[in-house]
There are 2 protein chains.
Amino acid sequence: MEHAPYTVCKTCTIRTKSFCGALPVRSLDSLANTRRLVRFERRQTIVCEGATAVSLFNIVSGVVKLYRSLPDGRTQIVGIRLPGEFFAIADGEKYTATAEALTSVVVCRFSRSRLKQLMQQFPQIQARLLEMSYRHLAAAQDQIFLLGRKTAREKVASFLMRYSGKFDPERMDKYRRVPMTRTEIADFLGLTTETVSRVLTSFAREKLVAIDLSHSVRLLNIDLLRKIAGN
Amino acid sequence: MEHAPYTVCKTCTIRTKSFCGALPVRSLDSLANTRRLVRFERRQTIVCEGATAVSLFNIVSGVVKLYRSLPDGRTQIVGIRLPGEFFAIADGEKYTATAEALTSVVVCRFSRSRLKQLMQQFPQIQARLLEMSYRHLAAAQDQIFLLGRKTAREKVASFLMRYSGKFDPERMDKYRRVPMTRTEIADFLGLTTETVSRVLTSFAREKLVAIDLSHSVRLLNIDLLRKIAGN
DNA sequence: CGTGGTTTTGAGCCCGTTCAAGTATCGTGG
DNA sequence: CCACGATACTTGAACGGGCTCAAAACCACG
């Protein structure tokens with residue numbers, strides 16, 4: 001499912017947030033020529049860990065999880081990317097993590113080699129990508145601290161503070177849905193499904209959150225949750 | 001302690017490994033003009049988490065740990081930087097982690113603002129920095145998986161495989177010393193000192209490692225250690 | 001030699017896991 | 001619209017890996 005027109009970049013909702021925003025409008029066509037809009041549905045794999053890295057993706061809408069797993073089934077989400085962010089980190093030749101759609105996702109796919117040419121032509125793009133990489137690195141450091149030193153309660157609270165409401169731009173604030181299963185949350189926090197479930201029901205008993213239909217979580221006491229999350 | 005001469009860049013041992021290597025030799029002076037060589041001894045703090053980010057550091061020799069800590073004392077090392085690598089990641093204005101010398105360290109300190117000018121002049125520098133950021137991001141993903149999903153034995157084995165021998169360029173191979181205390185290793189692996197010690201002595205009993213004078217660890221059975229480390 | 005910091009070792013405990021059973025929710029087709 | 005099965009979530013009981021607390025051993029330094 002491809003939205004063909006090149007000209008769409010001009011009206012792109014996330015342009016200013018993303019590296020594309022570094023380009024002046026008149027140069028936008030050279031960018032549009034090198035990318036392709038692609039849509040993925042929830043649970044579809046976008047790239048696989050270890051595959052040859054040919055593309056870089058920019059998220060127009062939706063959310064993507066990056067994860068690694070071991071043959072014995074242990075899985076760990078190593079990053080979550082929101083609209084305007086890019087993904088498909090390659091350590092040289094190969095992707096270092098698998099990317100999968102958490103929601104319906106529309107991404108711009110760029111060929112790495114053509115993007116490299118484009119970056120030589122427009123160094124501002126590179127500057128923005130570098131800046132965004134720093135932000136991703138800082139986010140990774142957050143997660144490293146969380147995984148190494150936080151308790152289950154702190155982990156879940158941190159997760160809720162960080163991500164609830166980030167997935168659905170329409171209804172912010174109160175009805176902050178997170179379209180992740182308990183297993184996915186567990187794989188993000190280095191816990192088991194059961195522990196995530198237990199912590200959430202205990203938060204519900206303490207009136208910190210409410211668990212609505214289809215087990216979705218709504219935040220009730222954000223201040224206390226923030227306190228529990230620590231740092 | 002400052003090594004004044006600008007011209008030193010030409011003979012710098014890590015130039016080709018670092019972002020400086022992107023510059024042609026004739027342009028090296030403009031780089032040398034913007035940086036300052038500084039030396040730190042083991043345990044000296046180089047930058048503090050939360051401080052305003054004015055510099056970026058490039059490691060000429062020695063090893064640096066990046067860590068975060070909470071007021072209650074919990075500490076987590078979020079990265080280790082080797083010669084040729086840079087550090088001092090800032091999420092916008094502030095450093096996101098504290099940097100401390102693990103060994104005697106010589107660093108090139110660049111002003112962020114002057115480096116930005118320099119990058120506009122020489123976009124190749126930016127390209128190298130971006131590439132290195134990707135590598136750091138991949139390393140962070142390694143650590144995230146390790147912290148979230150590996151057992152204590154796997155963590156220690158992974159640590160030994162990854163870092164022993166990386167600290168002392170002179171004597172590689174057999175006598176791979178790691179100039180970190182048990183507490184520091186624990187803070188890197190999300191464990192306690194006691195657990196690190198127990199795992200190491202159990203490795204010693206199994207003839208996987210030898211524990212020499214001053215508790216330094218020497219690898220004996222690298223193949224098996226790699227297997228234990230997993231992935 | 002003492003002294004002080006680091007490391008090792010031991011004993012007991014607890015948080016989060018494992019295993020297992022039961023419940024809720026959703027999609028599908030009759 | 002409901003019955004059905006599949007999947008996700010919850011709850012309980014028991015276990016155990018790694019933690020806590022405490023003491024002893026080691027080592028560097030004066």
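We use all heavy atoms of the structure for the numbers below, so side chains are in, but hydrogens, waters and symmetry mates are not.
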Main-chain N/O of B:Leu102 paired with B:Arg42 side-chain donor or acceptor, under 3.5 Å | yes
From B:Phe57, B:Phe87, B:Phe19, residue fulfilling ring-ring contact (aromatic ring centres under 6.0 Å, His included) relative to B:Phe110 | B:Phe19
Scan A:Leu191 against the nucleic acid and name what it touches under 4.0 Å (heavy atoms): base, sugar-phosphate only, or nothing.
-> sugar-phosphate
Gap between atoms CG and P, on A:Asp72 and C:dT18 respectively (whole Å) | 11 Å
A:Arg182 has an atom CZ; how far is it from atom C1' of C:dT25, in whole Å?
-> 12 Å
Flag for A:Ser18-A:Asn58: side-chain donor and acceptor within less than 3.5 Å | yes
Using the six-membered ring wherever Trp is involved, compare the ring planes of A:Phe86 and A:His136 and label them parallel, tilted or perpendicular (cut-offs 30° and 60°).
-> tilted
First encountered from the 5' end of DNA chain D, between A:Thr201 and B:His215 = A:Thr201
Is the shortest side-chain N/O distance from A:Arg43 to OP1 or OP2 of D:dA8 below 4.0 Å?
-> yes
Residue A:Glu194, side-chain heavy atoms: nucleotide from C:dT7, C:dA20, C:dT25 that is nearest = C:dA20
Think B:Thr192 has a side-chain N or O under 4.0 angstrom from the OP1 or OP2 of D:dC19?
-> yes
Which is true for B:Thr193 with a 4.0 Å heavy-atom rule: it touches a base, it touches only sugar-phosphate, or it touches nothing?
-> nothing
Measure the distance from CD1 on A:Ile211 to P on D:dA8 and round it to the nearest whole Å.
-> 17 Å
Taking only the side-chain nitrogens and oxygens of B:Thr195, find out if one of them lies under 4.0 Å from OP1 or OP2 of D:dG18.
-> no
Rounded to whole Å, CZ of A:Arg149 lies from C1' of D:dT20 at a distance of 14 Å
Where A:Tyr67 and A:Glu49 come nearest, the two heavy atoms and their spacing = O-OE1, 4.2 Å
Ignoring hydrogens and angles, answer whether the base of C:dT18 and the side-chain atoms of A:Arg198 contain a donor-acceptor pair closer than 3.5 Å.
-> yes
Compare side-chain N and O positions of B:Ser214 against OP1 and OP2 of D:dC27 and report whether any pair is under 4.0 Å apart.
-> no
Separation of D:dT11 P from A:Arg205 CZ (nearest whole Å) = 7 Å
Between D:dG18 atom P and B:Lys150 atom NZ, what is the distance in whole Å?
-> 13 Å
Spacing between A:Lys155 atom NZ and C:dC15 atom C1', to the nearest angstrom = 11 Å
Report the distance from atom CG of B:Asp212 to atom P of D:dC27, rounded to the nearest whole Å.
-> 11 Å
